[in-house]
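Please read the structure below before turning to the comments.
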Amino acid sequence: MPVRQPLQQVRFGGIEAGITDAHGLKAERQPPVFYLRGKCVVIYLRCSVLHRPNHSRISLPDEDSTAAFAARLAPALQAGMVIYLRGDLGAGKTTLVRGLLRALGYDGRVKSPTYTLIEQYDIAGLNLRHFDLYRFRDAEEWEAAGFRDEFDGRNICLVEWPEQAAGLLPPADLEINFEILPHGRTLDLQALTDTGKQCLAALPD
Ligand SMILES: Nc1ncnc2c1ncn2[C@@H]1O[C@H](COP(=O)(O)OP(=O)(O)OP(=O)(O)O)[C@@H](O)[C@H]1O
Ligand SMILES: [Mg+2]
């Protein structure tokens, strides 16, 4: 198991110790407690779990905060990921995808795939596929449009309205649920595979 960079490092005499985040759990920084017993140094490291790595809830009070969250999510994306984006019309799904693309350095137009059903972006060494399946009809269309081939284990597939293609879509690594509030949005992120959990654990603070 690789040794991770500690969140906090302390030195006591010749001994060096660090607090790291084991198994993707976020460790809260707290001062370590030292006790001297004879010649032996006993070090108690206190840490507490802030959230489980398969779930995260994020408050986005305005559109700028959606862009800021997208900038955090972008470096945590992994090739081959499938991400479902759930939420009502106008909940902010496309805004998040636009933010991801901007964060990855894409400065072209990001259209909603409302009519095309899919838009493709190859940027920063990643192949993103943005689906909006609101107008998607049936399995015949799925095959005819070649959507099956897009889920090739390399493309990052971001899917709005996944419920429209239930039974055809591969399962998600990560589901993001958007809730519309009077002011802003709340995001609920649910990791459903190890890849999804790694993505949540890799979100920078
Ligand atoms: N955090 C936020 N707070 C307030 N408004 C936001 C936030 N994020 C996005 N919006 C606004 O929500 C509106 C609709 O966003 P968007 O088109 O991304 O929705 P959508 O979920 O993709 O909708 P659809 O299902 O119709 O494709 C935009 O006007 C955008 O500015
Ligand atoms: Mg949309």
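Residue numbers start at 1 and run along the sequence shown. Counting starts at 1 for both ligands and their atoms, following the listed order.
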Ring-plane angle category for Phe147 and Phe131, please: parallel below 30°, perpendicular beyond 60°, tilted otherwise. perpendicular
Kindly confirm whether the Mg ion (ligand 2) is within less than 2.8 Å of some N/O/S atom in Thr94? yes
Under 2.8 Å from the Mg ion (ligand 2) - does any N, O or S atom of Glu160 fall there? yes
Any atoms of ligand 1 less than 4.0 Å from a non-hydrogen atom of Asp62? List them with their elements. 1 (N), 2 (C), 3 (N)
With atoms numbered from 1 as shown, which atoms in ligand 1 lie under 4.0 angstrom from a non-hydrogen atom of Leu60? 1 (N), 2 (C), 3 (N)
Counting only nitrogen or oxygen atoms and a 3.5 angstrom limit, does Ser112 reach ligand 1? no
Polar proximity ligand 1 side, Gly87 side, N/O cut 3.5 Å exclusive: no
Judged on heavy-atom distance to atom 13 (C) of ligand 1, which of Gly92, Gly99, Pro182, Gly90 sits nearest? Gly90
Closest protein heavy atom (residue, atom, distance) for [atom]:
{"atom": "atom 26 (O) of ligand 1", "value": "Leu89 CD2, 3.4 Å"}
{"atom": "atom 25 (O) of ligand 1", "value": "Lys93 NZ, 2.7 Å"}
{"atom": "atom 8 (N) of ligand 1", "value": "Thr66 OG1, 3.1 Å"}
{"atom": "atom 16 (P) of ligand 1", "value": "Thr95 OG1, 3.6 Å"}

Do you know which of Ile156, Leu104, Leu101 makes side chain to side chain contact (heavy atoms under 4.5 Å, CB included) with Tyr121? Leu101
Can you confirm whether Leu128 sits close enough to Asn155 that some side-chain heavy atom of one is under 4.5 Å from a side-chain heavy atom of the other? no
Do the side chains of His183 and Pro61 get nearer than 4.5 Å, heavy atoms only? no
Would Phe178 count as a contact of ligand 1 if the rule is a heavy atom under 4.0 Å away? no
Under 4.0 Å between a side-chain nitrogen and a carboxylate oxygen: does that hold for Arg185 and Asp88? no
Atom 29 (O) of ligand 1: protein heavy atom closer than 4.0 Å? no
